[in-house]
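Here the structure is a predicted model, which is why all the values come from computation and not from measurement.
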Amino acid sequence: MKFMAGEYEVVVIGAGHAGIEAGLAAARLGCSTAIFTLNLDWVGNMPCNPCIGGTAKGHLVREIDALGGEMGRAADQTLLQSRMLNRGKGPAVHSLRAQIDRRAYSDRMKQTLERTDRLDLVQAEITALERMTDGGWLLSTRLESQYRARAVILATGTFLQGKIFVGDVSYHGGPDGMFAADHLTASLLALGIELRRFKTGTPPRVLRSSINFSALERQPGDEPVVPFSFETDEELQNRTDCYITWTGPETRRVILDNLHRSPLYGGKIEGVGPRYCPSIEDKIVRFADKERHQVFIEPCGLHTEEMYLQGLSSSLPLDVQEAFLRSIPGLERVKVMRPAYAIEYDCCDPLQLDATLEFLRIPGLYGAGQFNGSSGYEEAAAQGLIAGVNAARRIQGKSPLVLDRASSYIGTLVDDLVTKGCSDPYRMMTSRSEYRLLLRQDNAEERLTPLGREAGLVDDCRWTHFTARREARRQELIRLHRTTLSPGEVLNALLVSRGTTPVETGVRMDELLKRPQLSYDSLTSVDVERPVLPSLIREQVEIELKYEGYLRRQQAAVEEMRRLENRRLPEQTDYAAITGLRLEAQEKLNRVRPRSIGQASRISGVSPADVSLLIIWLSQQERSAKTASFREEEMGND
C-alpha cells in the first residue's frame, strides 16, 4: 500500500554531478528540495576517470565556482595532483586539470548535501513520475512510497535502462556494479519525451603493486598548484605522481585478432558512443596508421591501490583485456581489479529543452547532465546548476537565468544542446566557442560572479572577496598606464636580455607589457612601486594588456551577436505559416522554438536565407504591433 512520504518544491532524481549542483542550487535559493539516489554510498561518484577539469572542462569548473556552485571547492579539498594543460599555447586554451581522490570527493559532496538547509538526501529508486492536475508532480518509489513536488529535475546519468557489456556477456546494470533504474523510462515515454540510447565506456582498474613503474614515464604535477575555486586561499599540494606508457604492435595484434568478440563491432551495442573518447579497439581500427597510443596511469585515491588506465576504454572480453594489457610496457604482470566495460543507457534528445533546461512542452520538468545527451562530470555539473537555479526561480515567480554564448562556456554548452542537439555524447571543447579569448578560465569570476550574486548563490562574504579582487585588478591597470619608466642602463639591459629593443625615451609600463618578450614578473627589478598581488590578478592584468586589440575585436563580435539575440521571436509562432521558409526550416524552428533570431540562426537546417526572411517577417510583425498600438491610443484619445 502506497503512502505519502513527503512534499517538496523541487525534487532531483539522481545524486551524480548534475544532481548535486541542481539540489544545492535549489536549496540555497530557498526551496524545499530532495535529492533521490539509488545508493547513498555513491553520491558524486566518478565511475570513469577520477579527475576534474581538462581542456575546456577546467573552464566549466571555474564558471560553476564563479556562479556559486560546489564542484571547484570539492575538487580543491580532495586534490591528488594538479596540472595546467596547454601552457605552451595562448591563454584562451589554458585549462586546469586535477587528479582527485574519488572516495574522498564522494564523501565530501555527501556531507555537503547532508549539511545544507532545506535539502533532504534520500536513498530510493524513483520508478514512476506522474503529472497532477494542478501542474505539480507525483513521484513513486520502488518501496511504494510517494512524494509530491512542484518541479522535478531529471539527472539520471547512465542508469536509465542501463546495460553493461563485456565481450559476449551483457546484463542490466549501472556503473561500478550498481543496479540499473529500469522502471522510470515508461513514465517518461508516457509524458511524450523522446528517448534514445547512448553508450559510454571505462578502462580497467589495476593493482598498483603489479605495475613495473621503472618502465614508465613519470608525470609530476605542476608547482605551484593553481586551485579551481576563486575562494581557495590555502596552499594546495601535489600528493602523488601519474605515469605514461604506450601501446605497441602486440597490443594492436591482440585487439585485431579478437575484434569479432567485441560487442561494439559485433552489433550487440545499439547505443551511440562518444566521438571524442573512443575505446581502444575503436582507436586501433579508426587510426590504423598510428603505431602506438598513449596510456596514462593514474591513482584512484590515497587510500586505495587501484590505478586507472586512461586511454584503454574497452568492452572486449576479460581474457582479451588481460592479453592486450600485458603487451604494454610496465604492465607485463598487471593484475586487473575491475575489468573495462561499456554501458548503454536511455537519454533524451535535448532539442526538447528550452535554454533554461526545462522541457518546452512539459512545464516544471527539467533535464540535466548525461540525461541531456552530454558526457563528462563537468558538463553535467554545469547543467545541474542551471536547472536547479531555474527550477527554483520558476517556483518563486522570478525570471530565469539564461547564459548566452558570449558570457560563458556554460552558455555555449546549453545553447549547443538545446539549439543544435547532439548525435553522440556531447563533450565541451574550446573550439566550440567563438569567443574563447573572452571566455578564459582566469576571468570566469569577473564574468559570472555578478550573475551568481544576482541569482542569490553568492553570499556577502564571497561578494566582498570578489569586489576586493576586482578593484585591485582595476587599480593595477590604472597604475601600469600611469607609470612611466625612464631610459637607463638597468632598464635597457633588462630589455636586451629578454630579446627586445631598448628604449631611448620614457615608456609606460602598460606599453612594455604589450611586448611578447616581456611578462609582468620579468619587470620586477625596474618596477619599484609594484604592489604585492595574487598570481591570479597578475595573470589577468598581463593578458588584458597583451591581448587588448584582439579582445576589442572579439567584443565587437559579441555586440553584434547580442543584437540578434535581442530580436526576440514570439513564443507561439507557427513557423509553418511563414511564407517563403523552406520546409526543413519550418520543421526545425517549430521543434526547437528559438527564443531569438540569434538562436534561430544556429539551428542546424536553418540557412542564412531563412534567417533573413525571419528578420523581415519579425520586422513586419513589430511594425504591425506598433500601428495597432497607435490606433488604439488614438481611439482612446477620441
Side-chain angles (χ1 to χ4, degrees), residues 45-52 54 57 80-81 97 99-100 102 158 162 164-167 169 173-178 199-208 210-213 216-217 219 242-248 250-252 254-255 258-259 261-265 269 271 273-287 290 292-301 304-344 370 375-377 425 427:
N45 184 35
M46 297 181 182
C48 197
N49 196 355
C51 84
I52 297 289
K57 293 170 176 282
L80 293 178
Q81 188 202 73
R97 181 188 188 274
Q99 201 68 24
I100 301 297
R102 69 189 291 256
T158 61
I164 303 295
F165 293 86
V166 181
V169 177
D176 275 346
M178 295 274 285
K199 187 265 314 181
T200 189
T202 189
R205 272 70 156 187
V206 301
L207 182 64
R208 180 191 296 267
S210 68
I211 299 172
N212 176 17
F213 287 94
L216 308 179
E217 176 187 338
Q219 188 181 46
C242 297
Y243 299 86
I244 298 174
T245 186
W246 300 82
T247 65
E250 179 63 11
T251 318
R252 177 185 177 85
V254 170
I255 290 173
N258 291 278
L259 201 60
R261 300 179 65 191
S262 166
L264 182 64
Y265 284 89
I269 293 178
R275 188 186 324 173
Y276 301 103
C277 189
S279 64
I280 184 61
E281 54 263 39
D282 211 14
K283 285 191 278 191
I284 293 292
V285 171
R286 286 167 55 186
F287 308 108
K290 288 196 71 172
R292 61 179 191 165
H293 296 274
Q294 201 169 39
V295 180
F296 295 89
I297 302 179
E298 302 165 331
C300 290
T304 178
E305 297 302 299
E306 279 188 89
M307 301 292 283
Y308 178 88
L309 304 182
Q310 182 188 348
L312 293 179
S313 174
S314 178
S315 58
L316 285 164
L318 183 55
D319 62 302
V320 181
Q321 291 185 35
E322 291 191 348
F324 77 65
L325 285 175
R326 290 172 182 167
S327 72
I328 298 171
L331 304 180
E332 294 88 349
R333 292 185 173 86
V334 76
K335 293 182 179 179
V336 175
M337 297 180 70
R338 305 191 203 207
Y341 62 87
I343 182 168
E344 197 177 70
Q370 286 181 279
S375 69
Y377 313 141
R427 177 180 180 176

In short, Arg286 meets Pro278 closest at the heavy-atom pair NH1-CB, 3.5 Å
Between NZ on residue Lys290 and CD on residue Gln294, distance to nearest 0.5 Å: 8.0 Å
Look at the side chain of Gln219 and the backbone N and O of Glu298, then say whether any donor-acceptor pair between them is shorter than 3.5 Å. no
Are the side chain of Arg326 and the backbone N or O of Phe324 linked by a donor-acceptor pair below 3.5 Å? no
Sub-4.5 Å side-chain heavy-atom contact between Arg427 and Lys57: yes
Please identify each residue that fulfils salt bridge (Lys or Arg N to Asp or Glu O under 4.0 Å) with Glu281, with sequence neighbours left out. none
Should Ile328 and Val334 be marked as a side-chain contact (heavy atoms from CB on, under 4.5 Å) after you check the CA-CA gap, both sets of side-chain angles, and the distance that decides it? CA-CA 10 Å; Ile328 298 171; Val334 76; over 6 Å; no
Heavy-atom closest contact (Pro50 atom, Arg102 atom, distance): CB-CB, 4.0 Å
Would you call Pro299 and Cys242 a side-chain contact if the rule is heavy atoms closer than 4.5 Å? yes
Please lay out, stage by stage, how Ile244 and Val295 fare under the test side-chain contact (heavy atoms from CB on, under 4.5 Å). CA-CA 6 Å; Ile244 298 174; Val295 180; over 6 Å; no
Interatomic distance, CD1@Ile280 vs OG@Ser315, rounded to 0.5 Å, equals 12.0 Å
Decide yes or no on side-chain contact (heavy atoms from CB on, under 4.5 Å) for Tyr308 and Cys48, but give the supporting numbers first. CA-CA 9 Å; Tyr308 178 88; Cys48 197; 3.2 Å; yes
Taking the side chain as everything from C-beta on, heavy atoms only, tell me whether Thr304 gets closer than 4.5 Å to Arg205. no
Between Ser279 and Leu264, is any pair of side-chain heavy atoms under 4.5 Å apart? yes
Separation between OG1 of Thr158 and CD1 of Ile343, rounded to the nearest 0.5 Å: 4.0 Å
How many angstroms lie between atom CD1 of Ile255 and atom CD of Gln321, to the nearest 0.5 angstrom? 10.0 Å
Value rounded to 0.5 Å, distance of SG in Cys51 from CG in Leu80: 11.0 Å
I'd like to check the salt bridge (Lys or Arg N to Asp or Glu O under 4.0 Å) partners of Glu332; sequence neighbours left out, ordered by chain and number. none
For the residue pair Asn49 and Gln310, what are the closest heavy atoms and their distance? ND2-OE1, 3.4 Å
Validation row: Asp282, Tyr265 side chains within 4.5 angstrom (heavy atoms): yes
For the side chain of Ser314 and the backbone of Ala340, is there at least one donor-acceptor N/O pair under 3.5 Å apart? no
Which atom of Arg252 lies closest to which atom of Ile284, heavy atoms considered: NH1-O, 3.7 Å
Taking every heavy atom of Asn258 against every heavy atom of Val254, the minimum-distance pair comes out as ND2-O, 2.8 Å
Close side-chain approach of Leu325 and Leu309, heavy atoms under 4.5 Å: yes
I'd like to know whether Met178 forms a side-chain contact (heavy atoms from CB on, under 4.5 Å) with Asn45, so could you lay out the CA-CA distance, the side-chain angles of the two residues, the decisive distance to 0.1 Å, and finally the verdict. CA-CA 11 Å; Met178 295 274 285; Asn45 184 35; 6.0 Å; no
Residue pair Phe213 / Arg208, side-chain heavy-atom distance below 4.5 Å: yes
Report the residues that fulfil ring-ring contact (aromatic ring centres under 6.0 Å, His included) with Phe296, sequence neighbours left out, ordered by chain and then residue number. none
Could you check whether any side-chain heavy atom of Leu312 comes within less than 4.5 Å of a side-chain heavy atom of His293, counting everything from C-beta outward? no
Value for SG (Cys300) from CD (Gln99), rounded to nearest 0.5 Å, stands at 8.0 Å
What one should report as the nearest heavy-atom pair of Pro47 and Tyr341 is O-OH, 4.3 Å
